[in-house]
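One structure below.
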2 protein chains.
Amino acid sequence: MILSDRRKRVTIKDVAQAAGVSTQTVSRVMNKFSYVSGETRQRVEDVVEQLGYRPSTLARSLSQQRSYTLGVVTFGLKYIGPARTLNGVADKADELGYMLLMKELDNFNTNRIDDVIDSLLARQVDGIVWVAPEIGDNHTWVEERMNKIPVPVLFLAMQPRNGISSVATDNYQGAVLAIQHLLDCGRKNIGHISGPLSWWEADERKRGWKETLSAAGFDVCEKRCAEGNWSSSSGEQAFIQLLDSFPEMDAVFVANDQMALSVLRESHRRGINVPEELAVIGFDNIPESAYFHPSLTTISQDLQLLGEQAVQNIVEMIQARQENRPIPAQSIFIQPTLVIRESSMRI
Amino acid sequence: MILSDRRKRVTIKDVAQAAGVSTQTVSRVMNKFSYVSGETRQRVEDVVEQLGYRPSTLARSLSQQRSYTLGVVTFGLKYIGPARTLNGVADKADELGYMLLMKELDNFNTNRIDDVIDSLLARQVDGIVWVAPEIGDNHTWVEERMNKIPVPVLFLAMQPRNGISSVATDNYQGAVLAIQHLLDCGRKNIGHISGPLSWWEADERKRGWKETLSAAGFDVCEKRCAEGNWSSSSGEQAFIQLLDSFPEMDAVFVANDQMALSVLRESHRRGINVPEELAVIGFDNIPESAYFHPSLTTISQDLQLLGEQAVQNIVEMIQARQENRPIPAQSIFIQPTLVIRESSMRI
DNA sequence: CGATAACATGTTATCGATAACATAATAGCA
DNA sequence: TGCTATTATGTTATCGATAACATGTTATCG
């Protein structure tokens, strides 16, 4: 039963009156864990059922100074990555009894960031999860403002920083996996199409490419690398450029699957055989990538898990603070995995 | 400035005291539109700035019985469709000064639905936007419960119903566009791979296929149609089945781009030339579809706009209710458009 | 059997704001 | 110049719950 009468909200007073007890007793019945006689409890519960009483979480939040709500700041929801992460966040929050108060960022104007945080705090969120990528120095404000924010904050996909909690995919390791796989396949000339290098994640992937190749004794000059902006069309541009600057290339590590898709397409158009002449490996493992032609070898990152982990962590932080225990900040890395398909192959 | 002291929230009382006025005067300064002398206003504003005072939206919501928050119920966020819709919802909500309280559904247990609604109402949302598809009879509860919900509710992607507000893509018209295009291309034997027919949207698309072909004098028996579940792998199965039951097929309308992708792939594998021997048209226009091989002709639906429209509407409903005006429920259809690429071609 | 603990319930203050009402000072006008 | 309208501000009640404290009633035990 939702509300017996749409006119007016049924309050704790109504229940108290109808059951002939004090509001406090009703509160006790609703929240368990306190002395109420079986008889009284039954009577109150009957009235609750009958009137369709639902406590106002709002009022409770005010009086308890705690809302069981997490603030979530997102960016780029229209892309599948952030959306999947948010999905994980939502699932775990639900499981742990929290609701989400969402705010989407459209850009990284710093004033706006303060406003967003303020608007969440004004609604008494118990913690804030930051589901927005680190781009350029857009996270520098973090350092100065963090200690002024009176609730725990957890960042996703942020470069680990001292004293700040974060959860991120280990992009560097993912790239290492990718390059090692290509080397295992016998490739000697491995190029890279990166994401926008102002993104921390893109930079990490590139670093993995570079360092793994160096360590294996290969040359890694800038000619062997081109920069895209994650979109398929930018991937096409980057690939064309790379074909020109690095013609002996026999494998390419592409920083995401969307861009890898256009590499497959352009290769086909030019009569370059994948994987015989050119091995291609992507990053993300979007559901479509198994159906590309040829199917795409890629690095799978579990964004759902990332989101879940984030919520798990921040809820622990919240509880710790509640109980006045020290809250050690920690940075967690989640390991991606290699998914081998047709686009890479031993030669 | 966010909070000058993390210990304790700065309240309206602190400001009042520091400025030597009553809390009411502070409230007046914060909310404009009332008599306050310039001098007092200035003094209060200075104190506000100095203490970093931010009014508690929570407290305000309680006393005003209005939260400037919309409840959003989502389903399948990990898929790009719902995510893009949510993006539109978030943008528009932000623009109109609303926050979003989010709840994700994991299934359609009816009890759970009541709980979700209750938990949103308990937080005083001003309205509810339902971003979950209509599947089977999972929306029948709507009719019985709608009038018990004390705030406006707006449904996305729901079959229009009397007295209930909704916003949806015109899936039927989209299918009509697709089939007409194929007919214009000179195709005579047009098959269909549908989504799960328990989904209203899938059913509408199929209806468009069927009725348009009938109207054009073609036969549309069930052999010319197969059912998938939106995923690429199900699309592959359906396509294989269709090749068998409808071998003379020279064009296929696929209910979403993911499934169309696997049709392209399987065609290539079997040496069926697209578009020469088989024209393929999808639905959704996901960003990757322009980079499929061959690039995919598809029906583009603007989910972002869908979400924006939804918020626009519900906010109007909220305001109308506030001012005690009648609230005529309306069902809005958004028209999809045809995007012609390589996979369809005149013969 | 009296003291103490456990149980059961009520009263009052509080969370942080706004609404409604009250009051005082100034201004404009007949 | 006295009266009403406007401006400026304060006081009290209220939103819907819980926290803290108070009080009365049963068990329990030495």
Side-chain angles (χ1 to χ4, degrees), chain A residues 3 7-45 48 51-69 118-119 121-126 150 322, chain B residues 3 7-44 47-48 51-69 118-119 121-126 150 322:
Chain A
L3 267 189
R7 254 196 291 269
K8 209 151 174 49
R9 171 175 272 277
V10 177
T11 75
I12 198 171
K13 276 188 198 160
D14 302 327
V15 176
Q17 191 157 42
V21 297
S22 72
T23 61
Q24 192 56 227
T25 299
V26 177
S27 175
R28 287 187 185 110
V29 171
M30 298 305 288
N31 297 296
K32 324 284 184 214
F33 304 120
S34 197
Y35 305 126
V36 180
S37 71
E39 189 200 6
T40 307
R41 155 157 287 130
Q42 189 57 55
R43 187 150 37 95
V44 171
E45 280 172 349
V48 165
L51 299 184
Y53 168 64
R54 303 284 160 173
S56 161
T57 309
L58 202 68
R60 174 188 287 149
S61 300
L62 183 61
S63 90
Q64 290 193 148
Q65 297 289 313
R66 180 163 188 194
S67 64
Y68 289 93
T69 300
D118 280 339
S119 70
L121 292 177
R123 283 171 160 93
Q124 287 283 354
V125 295
D126 296 338
Q322 205 76 12
Chain B
L3 265 188
R7 255 196 291 272
K8 208 148 173 50
R9 171 177 272 277
V10 177
T11 74
I12 199 170
K13 275 187 198 159
D14 303 326
V15 176
Q17 191 157 42
V21 297
S22 72
T23 61
Q24 190 57 226
T25 299
V26 177
S27 175
R28 287 187 184 113
V29 171
M30 299 305 288
N31 297 296
K32 323 283 183 211
F33 305 122
S34 196
Y35 305 126
V36 180
S37 71
E39 188 199 6
T40 307
R41 155 158 285 129
Q42 188 58 51
R43 186 150 38 94
V44 171
V47 173
V48 164
L51 300 183
Y53 167 65
R54 302 284 159 173
S56 160
T57 309
L58 202 68
R60 174 186 284 148
S61 299
L62 184 61
S63 91
Q64 291 193 146
Q65 297 290 308
R66 178 162 191 196
S67 64
Y68 289 94
T69 300
D118 280 339
S119 70
L121 293 178
R123 283 170 161 93
Q124 288 282 357
V125 296
D126 296 339
Q322 205 75 12

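By convention in this document, chain letters (A, B, ...) are assigned in the order of the sequence lines, proteins followed by strands, and residues within each chain are numbered from 1.
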task: Report the residues that fulfil side-chain contact (heavy atoms from CB on, under 4.5 Å) with T40(B), sequence neighbours left out, ordered by chain and then residue number.
output: V21(B), T25(B), V36(B), S37(B), R43(B), V44(B)

task: Answer yes or no: is there a side-chain heavy-atom contact under 4.5 Å between V48(A) and M30(A)?
output: yes

Residues forming a side-chain contact (heavy atoms from CB on, under 4.5 Å) with T23(A), sequence neighbours excluded: I12(A), K13(A), A16(A)

field: Value in whole Å for how far the C1' atom of dT12(D) lies from NZ of K13(B)
entry: 13 Å

- request: State which residues pass side-chain contact (heavy atoms from CB on, under 4.5 Å) with Q65(B); sequence neighbours excluded, sorted by chain then number.
  value: Q124(B)

query: Which residues satisfy the side chain to side chain donor-acceptor pair (under 3.5 Å) test with R28(B), sequence neighbours excluded?
result: none

message: Can you measure Q124(A) atom CD to dA17(D) atom P for me and round it to whole angstrom units?
response: 17 Å

- request: Return the minimal non-hydrogen interatomic distance between Y53(A) and V10(A), and the atom names on each side.
  value: CD1-O, 3.3 Å

query: For DNA chain D, whose closest nucleotide is more 5', that of R43(B) or that of Q64(B)?
result: R43(B)

- prompt: Tell me: CG of L58(A) to P of dG16(C), nearest whole Å?
  reply: 14 Å

message: Distance check needed: dA8(C) C1' versus E39(A) CD, whole Å only.
response: 12 Å

- prompt: Among residues 21-31 of chain A, which residues get a heavy atom nearer than 4.0 Å to DNA chain D?
  reply: Q24(A), S27(A), N31(A)

task: Could you pull out the closest heavy-atom pair between R9(A) and D14(A), with the gap in Å?
output: O-OD2, 3.7 Å

message: Of the options dA17(C), dA17(D), dC15(D), whose atoms approach the side-chain atoms of L62(B) most closely?
response: dC15(D)

message: If I compare all heavy atoms of S67(A) with all of D126(A), which pair ends up nearest, and what's the gap?
response: N-OD1, 3.0 Å

Any N/O pairs under 3.5 Å between the protein and nucleotides 5-8 of chain D? List them or say none.
unit_1	atom_1	unit_2	atom_2	d
dT7(D)	OP2	Y35(B)	OH	3.1

message: My understanding is that only residues two or more places apart in sequence, or in another chain, count here; which of them pass side chain to side chain donor-acceptor pair (under 3.5 Å) with T69(B)?
response: R123(A)

statement: Across all chains, not counting sequence neighbours, the side chain to side chain donor-acceptor pair (under 3.5 Å) partners of Q42(B) are D46(B)

task: Measure the shortest side-chain to side-chain distance between P150(A) and L121(A) over non-hydrogen atoms and say whether it is less than 4.5 angstrom.
output: yes

task: Provide, to the nearest angstrom, the distance between the NZ atom belonging to K32(A) and the P atom belonging to dT18(D).
output: 12 Å

Distances under 3.5 Å between protein N/O atoms and the N/O atoms of nucleotides 27-29 of chain D, please, pair by pair.
none

- request: Would you please name every residue forming a side chain to side chain donor-acceptor pair (under 3.5 Å) with Q64(B), sequence neighbours left out?
  value: none

Heavy-atom pair of closest approach, residues A122(B) and P55(A): CB-O, 3.5 Å

- request: Round to the nearest Å and state the distance from I12(A) atom CD1 to dT14(D) atom P.
  value: 17 Å

task: Nearest whole angstrom, please: distance from the P of dC15(D) to the CZ of R60(A).
output: 19 Å

- prompt: How does DNA chain D look in dot-bracket notation if pairs are Watson-Crick or G-U with both distances under 3.5 Å, crossing ones as [ ], other-strand ones as |?
  reply: ||||||||||||||||||||||||||||||

message: Distance check needed: dA17(C) C1' versus Q65(A) CD, whole Å only.
response: 12 Å

Those residues that, when tested against L62(B), pass side-chain contact (heavy atoms from CB on, under 4.5 Å) (two or more places apart): L58(A), A59(A), L62(A)

